[in-house]
Amino acid sequence: MKFSIIISILFSITTVNSVAQSQKVIIVTLDGMRWQEIFKGIDTALLKEKKYVTDSSSLSRQFWSVNLEQRRKKLFPFLWTTIAMEGQLLGNRTYGNLVNCSNPYQFSYPGYNEIFTGYPDTLVNSNDKIWNSNVNVLEFLNQQKRHKGRVAAFTTWDVFPFILNKNRSAIYVNSDLDSIKFPTTELRLINEMQFLSTRPIGVRPDVLTYFAAREYLKKYKPDILYIAFDETDDFAHGGRYDQYIMSAHAEDRMIEDLWHTIQEMPEYRNNTSLIITTDHGRGDHDKQNWQHHGERIRESGEIWIAAIGPSIVAKGEVKTKNQVFQKQLATTIAGLMGYIFITSHPVASPIIF
C-alpha cells in the first residue's frame, strides 16, 4: 500500500498538466499478437510454410512487399498511418525499444490481470474461470462518482467476466454469447447474429464483439470502454498463420472504424485516448514456436503498445532505447482519466507518453 501511494504521488506531480486533457479512454487488445508482425509485417518464413498457409500466393499479393515500411502498412494500415503520424508505437526491439510482461507465465489470464491491475500477481497462474481477487483499474474508475455505471467491456473470450470480476466490480461485461439486452434495433440484430453465426474459434467472431461494442458506444456513450479481440491467438494456436494474419488485418480495420466513429461523435472527438496492446508474445527464434507462448518460450514476454489521444505526444514509431512494462498500463489508464490508481496491492508507475 505504501509503495502504491509513493508511486501515485510521483505520478500526480509529473502528469497533472496532461491528464486533464482526456476525459474518456478506450482500450483494445489483440490476443497473442506478436510484435514481429506489428513492426515488420508478414513473416516470410511462415508465409512459405504450407502447413501454416493454405494459399501463400494470395496472402503474398495482399500483404507482402520487399519494403519493410510498406509491408507492415499493408497489414496494419491504421497503425502505420494514423497512429504513426498522430500517436506512438512502442516495442520495436530492433531499436532497443522494449515492452515486456512482468508476470512469469506469459499467457492470457496473467497478462490481462497485469494490464488491468498493474500487479503481476504470481498467484494468477492459469486460464481457469476463477474470480480475480485483485482490483482492476476499470473497477476503480467505476467506483468514481463521475464514471459510475459508465464503464463497459466487450470481449470475445468468455473468461473475461472472471478476469474483471464483474460481480464485484459491477462494470458491464459482455462476453462471448452473453445476451445483449438493449432496446435498439442494431443491438438486437447483433444479438441474433451471434447465436446464428459459425464459431471457428469456439467463441463468437471478433467482428460481432466489435459491432456490439460500437453500437453500445453510440447508444450509451460510456466514459471507459474495453474491447478484447481473440481470433489472433486462437488461429495461432491452431497453426493457421494465414487466418492469424487475416484476423490481425481485420482487427486493424475495426480499430480504424472505431477511431473514425468517435471522431464523428462530439462526446468523444478530441477528447478520447485510445490504447492498443496485447496480453503476451509468441515464439520467433525457432519458427515452429510461433504458435506457442509461455514461460518456456523466451519471446513470450515481448509485447507492444500503441497509443493516441490528446495527452499523447505524436512521436510515431519510438526508436529510442527504453524499457516499459505491461504492469504500467493500469496506472497509465487511470492517469489519462485524471486519476491516481490506488489500491491494496502494489502498482507500477505509469508510462509517460
Side-chain angles (χ1 to χ4, degrees), residues 25-33 75-79 108-109 111-112 115-116 127 129 138 150-164 166 171-222 224-238 240 242-265 268 272 274-279 306:
V25 173
I26 299 175
I27 308 105
V28 180
T29 53
L30 283 63
D31 198 301
M33 185 72 236
L75 182 54
F76 296 103
F78 177 72
L79 291 186
S108 290
Y109 196 143
Y112 291 119
I115 289 171
F116 289 106
N127 281 339
K129 292 180 177 179
L138 304 183
R150 303 188 58 79
V151 182
F154 285 79
T155 76
T156 297
W157 193 33
D158 60 0
V159 182
F160 271 103
F162 298 86
I163 296 171
L164 300 175
K166 71 172 187 177
I171 65 175
Y172 176 68
V173 182
N174 182 276
S175 180
D176 187 23
L177 292 184
D178 287 343
S179 293
I180 305 168
K181 299 177 180 178
F182 296 102
T184 74
T185 301
E186 293 83 1
L187 286 167
R188 284 198 296 267
L189 177 60
I190 295 163
N191 188 56
E192 291 179 24
M193 289 173 67
Q194 72 174 350
F195 287 104
L196 296 175
S197 69
T198 58
R199 295 163 62 83
I201 61 170
V203 286
R204 72 183 174 198
D206 282 340
V207 69
L208 294 181
T209 295
Y210 171 65
F211 279 132
R214 189 188 71 177
E215 295 310 310
Y216 182 94
L217 174 87
K218 289 160 70 173
K219 175 66 177 177
Y220 296 99
K221 301 176 179 62
I224 302 97
L225 177 66
Y226 172 45
I227 304 173
F229 295 128
D230 193 53
E231 289 179 8
T232 43
D233 190 63
D234 281 274
F235 283 128
H237 281 303
R240 296 297 307 276
D242 46 5
Q243 295 302 315
Y244 165 83
I245 289 295
M246 294 298 289
S247 288
H249 179 66
E251 289 163 6
D252 177 89
R253 300 313 295 263
M254 293 178 215
I255 297 167
E256 179 182 29
D257 181 79
L258 174 66
W259 187 248
H260 289 163
T261 298
I262 65 176
Q263 298 313 312
E264 294 172 355
M265 301 174 65
Y268 293 93
T272 304
L274 171 63
I275 295 177
I276 312 161
T277 189
T278 188
D279 52 334

If I compare all heavy atoms of [X] with all of [Y], which pair ends up nearest, and what's the gap?
X: Ala306; Y: Leu79; result: CB-CD2, 4.1 Å
X: Glu251; Y: Leu30; result: OE1-CG, 3.2 Å
X: Glu215; Y: Ile190; result: CG-CD1, 3.7 Å
X: Thr277; Y: Ile115; result: CG2-CD1, 4.2 Å
X: Ala248; Y: Met33; result: CB-SD, 3.6 Å
X: Thr156; Y: Arg204; result: CG2-O, 3.1 Å

Just wondering, do [Y] and [X] contact through their side chains at under 4.5 Å, heavy atoms?
X: Phe182; Y: Asn191; value: no
X: Leu138; Y: Ile27; value: yes
X: Met254; Y: Ile227; value: no
X: Pro77; Y: His249; value: yes
X: Phe211; Y: Leu189; value: no
X: Ile163; Y: Phe116; value: no
X: Ile262; Y: Leu274; value: no
X: Asp234; Y: Glu231; value: no

As a quick check of understanding, evaluate side-chain contact (heavy atoms from CB on, under 4.5 Å) for Lys221 and Met265, giving each step before the final call.
CA-CA 9 Å; Lys221 301 176 179 62; Met265 301 174 65; 4.1 Å; yes
Taking ring-ring contact (aromatic ring centres under 6.0 Å, His included) as the criterion, tell me which of Phe160, Tyr172, Tyr226 meets it with Phe154.
Tyr172
Side-chain donor-acceptor pair under 3.5 Å between [X] and [Y], yes or no?
X: Asn127; Y: Ser108; answer: no
X: Tyr216; Y: Thr184; answer: no
X: Ser247; Y: Thr232; answer: no

Among Asp31, Thr29, Val159, which one satisfies side-chain contact (heavy atoms from CB on, under 4.5 Å) with Asp230?
Asp31
Let me confirm one number: the [atom1]-[atom2] distance from [X] to [Y], rounded to the nearest 0.5 Å.
X: Met246; Y: Leu75; atom1: CE; atom2: CG; value: 10.0 Å
X: Ile180; Y: Asn174; atom1: CD1; atom2: CG; value: 5.0 Å
X: Trp259; Y: Ile276; atom1: CH2; atom2: CD1; value: 9.0 Å

Salt bridge (charged side-chain N to carboxylate O under 4.0 Å, His left out) with Lys129: which residues, sequence neighbours excluded?
Asp158
Does atom NZ of Lys219 have more than 12 heavy-atom neighbours from other groups under 6.0 Å away?
no
Mark yes or no for whether Thr155, through its side chain, and Trp157, through its backbone, hold a donor-acceptor pair below 3.5 Å.
yes
Kindly say whether Thr261 contributes a backbone atom to a donor-acceptor pair with the side chain of Tyr268 at under 3.5 angstrom?
no
Should Asp233 and Asp279 be marked as a side-chain contact (heavy atoms from CB on, under 4.5 Å) after you check the CA-CA gap, both sets of side-chain angles, and the distance that decides it?
CA-CA 10 Å; Asp233 190 63; Asp279 52 334; 5.7 Å; no
Salt bridge or not for Arg199 and Asp176, using N-O below 4.0 Å?
yes
Please list all pairs meeting salt bridge (Lys or Arg N to Asp or Glu O under 4.0 Å) that have one or both residues in residues 252-261, counting only residues at least two apart or in different chains.
Arg214-Asp257, Arg253-Glu256
